2 protein chains.
Amino acid sequence: MENVLQNNYNLTRKQQEILNFLITNKDNFIQAPTLNELCVAIGLKSRGSLHKHIQGLINAGLVEAPNRKQRGVRLTSLSLSTNSTSELAKQVDEGYGTPFVGTIAAGSPIEALENKSYMHIPNEIKTEGSCYILQVKGDSMIDEGIFNGDWVIIEQRSYAKNGEIVVALVDKMDATLKHIEQYPHETVLIPANKNMKAMHFQPQQIEIQGVLVGQMRSYK
Amino acid sequence: MENVLQNNYNLTRKQQEILNFLITNKDNFIQAPTLNELCVAIGLKSRGSLHKHIQGLINAGLVEAPNRKQRGVRLTSLSLSTNSTSELAKQVDEGYGTPFVGTIAAGSPIEALENKSYMHIPNEIKTEGSCYILQVKGDSMIDEGIFNGDWVIIEQRSYAKNGEIVVALVDKMDATLKHIEQYPHETVLIPANKNMKAMHFQPQQIEIQGVLVGQMRSYK
DNA sequence: ATAACTTGTTCTCCTTTTGTTCTTGTTGTA
DNA sequence: TACAACAAGAACAAAAGGAGAACAAGTTAT
């Protein structure tokens, strides 16, 4: 899945990611988020690092944060009204629910649906972040209790901790759902199926497209 | 669409919190609350501290408190009109969802929650019939991909086909989630766990309380 | 009416949180 | 190799928040 945002400004990738996060989650914050809260939500450990990105968004007029006041980061009306708003964000905002994107099978690209549809899923199996749903094809995660035909809820995110289950894009070609272990010189994708072996890659071969946060199954 | 908790640009976090409290509880006070009452309600020990926040709300025109008169704190028409949509309306509008009843563990009665709660689940994992949700304790269905802590959606029903997964009440005592096989002179409950054995009962010992129609899991 | 009590107000002193700026180091790319 | 993007963390000042004392104006009880 490509980046859902169109780049109308000279934003860096990270700035774009943060803007995307702010737009998709603007209704999820009771109060305008502080830098620390955003760090946690986005996966940064340093306020200082985040601040630089926010500063870039402020310069672009997309975000405002009262100088020196401790009142959090807010979107400007500009960023809310321009077409820089991602399709995904718009749809979530309009109350369609969580987008059901398509199917994921080991060794193939994600197969998108012709007509995107939406499901209303409980908050218990999704996160504050921007989430989407895939249907699983195959048995590569069977020991983890993820079966052929199950739906998985994925938080859109480009990083992961070791051991998390991720949607990984291999060589910009094949999408797959696996446990991930990332080391400086190697990234390992580990299926949860006794009959399958872990696969080893160069870190740059792997692009994380999301992290598993929930799962559903129908017995009908 | 927006609720009571909407951000006001000029307010600090505490001011916003207090304003939210006043709005959501405006009908719960017989008289306008005093500073001391608000301290108790909000969790402050010092009137002086609270007064500073109230002063900020007064300056913002959102609250009024007759100067020096001992009349308590009340909302202005401004704050009442700009925040008229209550969260309650939202809940009524959306319906209550599917009841979350309690937990089910092999070999124990269903443990009901004191405060029943509700989840909104997608139609894909429930049926037209009346459904409820249980949280699974234990590993008796692990080979079926139902893990400890998973939620299961149960259609309330007193009969089942052979092979279906049911909530079965054994001897009017213990509730359990198992595959069921019903024969004229015997009812068998079959766990989905290689380490556990099927259990055989007289038909009259078993009472079916529902049939599994869906399952959910959180990886948060 | 007087005393006792409430209540809003102001003040000082204090801790925690937050935004900001820096330096250091890593990584990916032209 | 050089450069931009990015991350982590230290350090700092201002803002936000909290406790409590003191006081004056109103209210209540005796």
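Keep in mind that what you see is a predicted model, and the values were worked out from it rather than measured.
- You'll find the side chain of Met216(A) reaches within 4.5 Å of the side chain of Ile125(A), heavy atoms only.
- Applying the side-chain contact (heavy atoms from CB on, under 4.5 Å) test to Ile142(A) and every residue at least two apart in sequence or in another chain returns Asp139(A), Phe147(A), Asn193(A).
- Considering only heavy atoms from C-beta on, Ser140(A) comes within 4.5 Å of Lys178(A) through its side chain.
- One N or O donor and one acceptor, one from the side chain of Ser46(B) and one from the base of dG20(D), sit under 3.5 Å apart.
- Residue Gln55(A) is the one, among Lys52(A) and Gln55(A), whose nearest nucleotide of DNA chain C lies closer to the 5' end (criterion: closest heavy atom).
- Between the CD atom of Glu64(A) and the C1' atom of dG19(C) there is a distance of 16 Å, given to the nearest Å.
- Atom pair Ile18(B):CD1 and dA16(D):P shows a separation of 14 Å (rounding to whole Å applied).
- Of the N and O atoms on the side chains of His53(B) and Gln15(B), not one donor lies less than 3.5 Å from an acceptor on the other residue.
- Summarising the geometry, the separation between CD on Gln70(A) and P on dG18(D) is reported as 13 Å, rounded to the nearest angstrom.
- Gln215(A) and Gln215(B) are linked by a side-chain donor-acceptor pair at a separation below 3.5 angstrom, with hydrogens and angles left out of the test.
- Within 4.0 Å of Arg13(B), counting heavy atoms only, lie sugar-phosphate atoms of the nucleic acid but no base atom.
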Problem set entry | Thr34(A) vs Arg13(B), side chain to side chain contact (heavy atoms under 4.5 Å, CB included): CA-CA, chis, key distance, verdict | CA-CA 10 Å; Thr34(A) 65; Arg13(B) 304 200 131 206; 3.7 Å; yes

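- Per the geometry, CZ belonging to Arg47(A) stands 12 Å off C1' belonging to dA13(D), to the nearest Å.
- At whole-Å resolution of the value, CG in Leu57(B) and P in dT9(C) are 13 Å apart.
- What separates CD1 of Ile54(A) from C1' of dG19(C) is a distance of 11 Å, to the nearest Å.
- Proximity of residues 33-45 of chain B to DNA chain D (heavy atom under 4.0 angstrom from any strand atom) is restricted to Leu44(B), Lys45(B).
- In this structure, Arg71(A) atom CZ and dT18(C) atom C1' are separated by 12 Å, rounded to whole Å.
- A salt bridge links Lys14(A) to Glu17(A): at least one charged side-chain nitrogen sits closer than 4.0 Å to a carboxylate oxygen.
- For dA5(D), its base never sits under 3.5 Å from the side chain of Thr12(A) at any donor and acceptor pair.
- Not one side-chain nitrogen or oxygen of His51(A) sits closer than 4.0 Å to the OP1 or OP2 atom of dG19(C).
- With rounding to whole Å, Leu50(A) atom CG is found 17 Å from dA5(D) atom P.
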